[in-house]
Amino acid sequence: MLPEPKNFIEEFIVEDIRAGKVPGKVHTRLPPEPNGWLHIGHAKNIFVNAGTAERFGGLCNLRFDDTNPTKEDQEFVDAIMADIHWLGYDWNGGLFFGSMYFDQCYELAEKLIQQGDAYVCDLSQQQIKEYRGTLTAPGTDSPFRNRPVEENLDLFRRMRAGEFPGGARVLRAKIDMASPNINMRDPALYRILHVPHHQTGDKWCIYPMYDFAHPIQDAIEEITHSMCSMEYEDHRPLYDWVVEKCGFAHRPRQIEYARLNITRTVMSKRYLRSLVENGLVSGWDDPRMPTLAGMRRRGYTPEAIRDFIDRAGVAKANSVVDAALLEHCVREDLGRKATRTMAVLRPLKVVLTNWPKDKTEAMDMENHPDRPELGTRTVPFGRELWIERDDFMEDPPKKFFRLFPGGEVRLKSAYIIRCDEAIKDESGEVTELRCTVDLDTRSGSAGAERKVKGTLHWLPKHAAVPAEFRLYDYMLKDESVAEGGDEIESEDAASAKRDYISEFNHDSIEVLKGFIEPSRADAKLGDTFQFLRQGYYCKDVDSSAEMAVFNRTVSLKDSFAKAVRV
RNA sequence: UGGGGUGUCGCCAAGCGGUAAGGCACGGGACUUUGACUCCCGCAUUCGCAGGUUCGAUUCCUGCCACCCCAGCCA
């Protein structure tokens with residue numbers, strides 16, 4: 001039973017299956033290069049490859065694309081595997097490394113040489129560039145293009161044996177130097193790199209290029225559909241050329257789609273890496289990072305991220321998805337599952353003048369408004385309380401529902417109070433509110449029926465747990481900066497990004513000294529709460545810190561907190 | 001000015017010749033012990049532009065225009 005195609009990729013797959021081109025199961029692959037941690041953009045790739053295989057009841061391999069040892073590292077393969085699992089995906093087709101196929105790639109390279117489809121070129125990098133021609137002018141053949149097969153073979157074997165220094169020669173495909181598609185102008189297949197590899201150690205000093213290795217890997221693993229981003233569309237003829245010249249009976253199909261862009265978000269490994277390397281963030285999993293690990297620490301759930309990718313859609317047009325959609329997805333998910341709690345970020349003292357000095361009462365509060373099974377907790381209530389500073393205004397505008405002199409408000413799950421007087425210091429700042437409680441309005445009692453327009457969250461002064469909050473932006477503020485890729489770019493965009501990086505780690509942080517409910521002081525790791533009017537709050541699952549997302553995003557570590565404001 | 005790709009509501013995105021889905025955002029209303037949440041209702045006579053074919057075109061043809069990608073021994 002085929003699923004109803006939900007995008008053009010699935011339509012292609014359904015067509016292929018109906019046409020009998022997929023004898024077995026749909027088989028895809030996830031080909032991350034282990035040169036950084038996964039970010040939200042990679043989630044789309046995972047969604048498209050692993051997710052599509054899943055929907056078709058097929059298989060997905062995880063294959064690290066590790067053909068360039070100069071920028072890859074074991075640290076990244078470990079982190080990537082953990083993040084894929086966290087997102088809720090798996091590699092039911094198996095775990096592979098591109099480097100596992102180095103022997104086969106080498107053999108196939110010799111095969112191409114023997115067929116007269118590849119040659120060793122002694123031109124320097126600069127010369128190759130010159131010979132390649134331009135977008136409008138055809139290239140010219142390398143003087144080494146028609147080397148005899150035996151000489152090519154000998155040279156290639158000596159390249160492998162380490163007889164030449166790095167960069168001295170390359171193996172090139174012999175295709176067409178006049179092709180309008182520059183990727184077909186005798187692209188490099190193998191280069192000399194005297195660099196140890198994190199998987200193969202010192203075994204090799206020549207490494208295959210992506211364009212040569214990837215189709216071979218896909219063919220060997222019998223991948224049926226190989227989904228990648230749009231910039232590889234021009235490489236597809238080369239991909240097909242390699243599969244054909246190598247003589248594979250199995251022909252994988254490459255399908256391209258547009259990569260994910262989100263407003264105000266830098267989706268460039270190059271810049272994320274520079275933040276890490278320059279110490280501007282604590283690491284790839286810094287809560288401010290748009291990496292999956294960073295987002296996890298901020299409280300984003302894998303369900304929310306997957307839902308976001310799903311709703312953003314998969315198509316070929318490049319687009320920038322509004323970050324508001326991401327925020328909506330997390331709110332929706334957390335709103336469903338997060339228990340509620342109270343926190344006061346900017347405290348303002350309230351004294352209930354008609355409440356006995358040492359009297360306290362335990363107020364019951366539900367942990368979730370729509371899920372009674374999540375139980376209740378109690379919060380002590382007393383004469384002195386903290387409320388949010390923003391919840392009081394001395395001169396309220398017309399439709400202000402919260403507290404003001406002479407006004408009444410309900411304290412969530414407690415009593416209705418009236419503000420009698422605002423006490424100020426010499427500078428005129430309000431330092432304390434004198435209020436009276438309507439003792440007949442305790443939550444749950446008959447008198448609680450009385451309605452007032454506003455309801456506030458609060459904390460008992462004697463039992464509130466001090467907490468320091470930090471609010472800051474993790475995303476770009478400048479739209480123009482956020483949309484570039486990591487390719488060669490204009491000086492303007494580059495300098496804008498540099499500005500962003502230099503501003504990244506400090507300025508937008510606001511430190512607040514507030515309080516949190518005593519009942520939540522020792523919450524378990526991974527617990528998530530909703531607090532305030534529209535914020536969510538959660539335990540950082542990777543450390544002992546707590547934090548939250550949305551309008552008020554907060555974390556606590558002991559009595560020291562970090563937070564993110566979106 | 002070579003080649004490839006894309007242009008449908010503020011942002012995504014369906015649509016595959018029969019008279020413009022859906023989501024986010026936004027606006028209005030209901031509900032509410034947090035102005036949140038939830039719930040209703042509204043939101044493209046129009047599909048980059050111009051011609052053409054057709055009874056009929058967002059869908060087919062032609063020509064323009066705009067944007068993105070390609071000249072790494074990166075992936």
Side-chain angles (χ1 to χ4, degrees), chain A residues 6-7 11 31-33 35 65-68 70-72 121 123-125 128-130 132-139 166-172 178-185 187-193 206-207 209-211 213-214 228-237 256 258 263 269 308 310-329 331-332 335-336 340 342 365-366 369-370 388 391 399-402 409-416 441 443-444 448 451-458 485-488 530-535 551:
Chain A
K6 68 178 176 191
N7 57 47
E11 273 176 35
E33 182 185 16
N35 67 347
D65 216 332
D66 56 353
T67 55
N68 183 356
T70 63
K71 21 161 78 167
E72 297 153 6
C121 183
L123 254 25
S124 70
Q125 193 160 175
I128 286 184
K129 182 175 180 168
E130 286 160 13
R132 187 152 29 227
T134 68
L135 295 179
T136 51
R169 293 176 222 262
V170 289
L171 181 73
R172 293 228 258 165
S179 171
N181 180 349
I182 291 181
N183 296 298
M184 300 298 271
R185 321 242 260 228
L189 264 23
Y190 258 97
R191 77 288 217 183
I192 299 171
L193 248 32
I206 57 172
Y207 293 92
M209 299 289 292
Y210 167 88
D211 281 322
H214 205 87
C228 59
S229 40
M230 290 300 290
E231 64 265 30
Y232 292 103
E233 200 155 33
D234 286 338
H235 294 244
R236 193 166 68 227
E256 310 82 10
T263 54
K269 248 191 225 176
F308 166 68
D310 195 15
R311 294 210 216 187
V314 179
K316 290 173 81 97
N318 39 348
S319 56
V320 183
V321 180
D322 196 330
L325 179 61
L326 209 209
E327 290 164 23
H328 173 266
C329 290
R331 290 182 131 100
E332 190 174 78
R336 211 162 30 224
R340 306 298 107 129
M342 295 194 290
M365 302 183 97
E366 75 279 7
D370 310 317
E388 205 67 58
D391 285 343
K399 290 247 213 155
F400 188 71
F401 291 173
R402 287 168 270 167
V409 88
R410 159 146 243 127
L411 295 178
K412 171 80 177 164
S413 299
Y415 294 89
I416 290 173
T441 58
S443 202
K451 302 293 181 191
V452 288
K453 273 191 274 186
T455 301
L456 306 183
H457 55 278
W458 52 275
D486 43 355
E487 295 75 28
I488 294 108
Q530 178 187 32
F531 75 132
L532 297 190
R533 293 189 176 70
Q534 38 199 335
N551 298 10

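Each chain gets a letter, A, B and so on, in the order its sequence line appears, and its residues count up from 1. The structure presented is a predicted model; accordingly, all values stated were derived computationally and were not measured.
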Original post:
So does A:Ser443 reach the base of B:U33 with its side chain, donor to acceptor, closer than 3.5 Å?
Top reply: yes

**OP:** Only counting residues at least two apart or in another chain, list the ones meeting salt bridge (Lys or Arg N to Asp or Glu O under 4.0 Å) with A:Arg236.
**Re:** A:Glu256

Original post:
So, is A:Arg191 close to the B:C74 phosphate, meaning a side-chain N or O under 4.0 Å from OP1 or OP2?
Top reply: yes

**OP:** Could you work out the separation of B:U6 and B:G72 based on their C1' atoms and round it to a whole Å?
**Re:** 25 Å

**OP:** Report the residues that fulfil ring pair (Phe, Tyr, Trp, His ring centres under 6.0 Å) with A:Phe308, sequence neighbours left out, ordered by chain and then residue number.
**Re:** none

**OP:** Report the residue (A:Asp66 or A:Lys316) whose heavy-atom-nearest nucleotide on RNA chain B is the more 5′ of the two.
**Re:** A:Lys316

Original post:
A:Glu231 CD to B:U6 C1': how many Å, rounded?
Top reply: 14 Å

Original post:
In whole Å, what separates the C1' atom of B:C74 from that of B:A25?
Top reply: 38 Å

**OP:** Using the C1' atom as the reference point in each nucleotide, state the distance between B:U8 and B:A13 in Å, no decimals.
**Re:** 9 Å

Original post:
Side-chain N or O of A:Thr67 less than 4.0 angstrom from OP1 or OP2 on B:C74?
Top reply: no

**OP:** Compare side-chain N and O positions of A:Arg336 against OP1 and OP2 of B:A36 and report whether any pair is under 4.0 Å apart.
**Re:** no

Subject >> A:Asn181 and A:Ser179: CA distance, side-chain angles, deciding distance, side-chain hydrogen bond (donor to acceptor under 3.5 Å, both in side chains) verdict >> reply: CA-CA 5 Å; A:Asn181 180 349; A:Ser179 171; 5.5 Å; no

Using a cutoff of under 3.5 Å, can you pull out all pairs of nitrogen or oxygen atoms linking the protein to nucleotides 63-68 of chain B, with atom names and distances?
| unit_1 | atom_1 | unit_2 | atom_2 | d |
| --- | --- | --- | --- | --- |
| B:C68 | O2' | A:Asn318 | ND2 | 3.3 |

**OP:** Write down the distance separating the P atoms in B:A71 and B:C65, rounded off to the nearest Å.
**Re:** 25 Å

Original post:
Using purine N1 to pyrimidine N3 plus N6-O4 or O6-N4 for Watson-Crick, or N1-O2 and O6-N3 for G-U wobble, each under 3.5 Å, what pairs with B:U33?
Top reply: none

Subject >> RNA chain B: 5'-proximal contact among A:Gly167 and A:Lys451 (nearest heavy atom) >> reply: A:Lys451

**OP:** Kindly label the base of B:G72 as syn or anti, based on whether its glycosidic torsion lies within 90° of 0.
**Re:** syn

**OP:** Sequence neighbours left out, what passes salt bridge (Lys or Arg N to Asp or Glu O under 4.0 Å) with A:Glu11? Give chain and number order.
**Re:** none

Original post:
Is the base of B:C16 touched by the side chain of A:Glu11 through a donor-acceptor pair closer than 3.5 angstrom?
Top reply: yes

Subject >> Sugar-phosphate only, base, or nothing, as touched by A:His235 at under 4.0 Å among non-hydrogen atoms >> reply: base

Original post:
Roughly how many Å is it from CD1 in A:Ile182 to C1' in B:C70, rounded to a whole number?
Top reply: 6 Å

**OP:** Test for a donor-acceptor pair under 3.5 Å between the base of B:G3 and the side chain of A:Asp234, counting only N and O atoms.
**Re:** yes

**OP:** In whole angstrom, give the distance that lies between atom NZ of A:Lys129 and atom C1' of B:G72.
**Re:** 9 Å

Original post:
Across the strands shown, which category fits A:Leu193 at heavy-atom distances under 4.0 angstrom: base, sugar-phosphate, nothing?
Top reply: nothing

**OP:** In whole angstrom, give me the gap between the C1' atoms of B:C68 and B:U54.
**Re:** 34 Å

Subject >> Contact under 4.0 Å: A:Thr455 side-chain N or O vs B:U32 OP1/OP2 >> reply: no

Original post:
How far, in whole Å, is B:C64 from B:C70 if one measures between their C1' atoms?
Top reply: 24 Å

Subject >> Atom P, compared across B:G15 and B:G4: separation rounded to whole Å >> reply: 25 Å

**OP:** Take atom P in B:C60 and the same atom in B:C16, then report the distance between them in whole Å.
**Re:** 10 Å

Original post:
Whole-Å distance between B:A75 P and A:Tyr207 OH?
Top reply: 12 Å

**OP:** Find the distance A:Arg402:CZ to B:G35:P and express it as a whole number of Å.
**Re:** 9 Å

Subject >> Base paired to B:G2 (Watson-Crick or G-U; both N/O distances under 3.5 angstrom) >> reply: B:C70

Would you tabulate the pairs of protein nitrogen or oxygen atoms and nucleotide nitrogen or oxygen atoms of nucleotides 27-31 of chain B closer than 3.5 angstrom?
none

Original post:
Taking atom P of B:A25 as reference, at what distance in whole Å does atom CD of A:Glu327 sit?
Top reply: 9 Å

Original post:
What does A:Gln125 touch in the nucleic acid at a heavy-atom separation under 4.0 angstrom: a base, only the sugar-phosphate, or nothing?
Top reply: base

Original post:
Can you check whether A:Asp66 reaches A:Glu33 side chain to side chain, under 4.5 Å on heavy atoms?
Top reply: no

**OP:** Could you check which of B:C69, B:C74, B:A13 has an atom nearest any side-chain atom of A:Ala315?
**Re:** B:A13

**OP:** Figure out the CZ/P separation between A:Phe308 and B:A25, and round it to whole Å.
**Re:** 12 Å

Original post:
A:Asp322 has an atom CG; how far is it from atom C1' of B:A13, in whole Å?
Top reply: 14 Å

**OP:** Name the closest nucleotide to the A:Phe400 side chain, picking from B:U6, B:G35, B:C70.
**Re:** B:G35

Original post:
Under 4.0 angstrom, heavy atoms only, what part of the nucleic acid is A:Val314 near: base, sugar-phosphate, or nothing?
Top reply: sugar-phosphate

**OP:** Kindly state whether the pair A:Phe401 / B:G35 counts as stacked, where counting means centroids closer than 5.5 Å and planes tilted less than 30° apart.
**Re:** yes

**OP:** Output the distance between atom CZ (A:Arg331) and atom CZ (A:Arg336), rounded to the nearest 0.5 Å.
**Re:** 14.5 Å

**OP:** Please round to the nearest 0.5 Å and tell me the distance separating atom CG of A:Leu411 and atom OG1 of A:Thr455.
**Re:** 9.0 Å

**OP:** Would you mind classifying the nucleic acid contact of A:Leu123 as base, sugar-phosphate or nothing, using non-hydrogen atoms under 4.0 angstrom?
**Re:** base

Original post:
Aromatic rings A:Tyr232 and A:Tyr210: how do their planes relate, parallel, tilted or perpendicular, breaks at 30° and 60°?
Top reply: tilted

**OP:** For B:G63, give its Watson-Crick or G-U wobble partner with both distances under 3.5 Å, or none.
**Re:** B:C49

For nucleotides 21-23 of chain B, tabulate all protein N/O to nucleotide N/O atom pairs closer than 3.5 Å, reporting atom names and distance.
| unit_1 | atom_1 | unit_2 | atom_2 | d |
| --- | --- | --- | --- | --- |
| B:G23 | O3' | A:Arg311 | NH1 | 3.4 |
| B:G23 | O2' | A:Arg311 | NH1 | 3.0 |

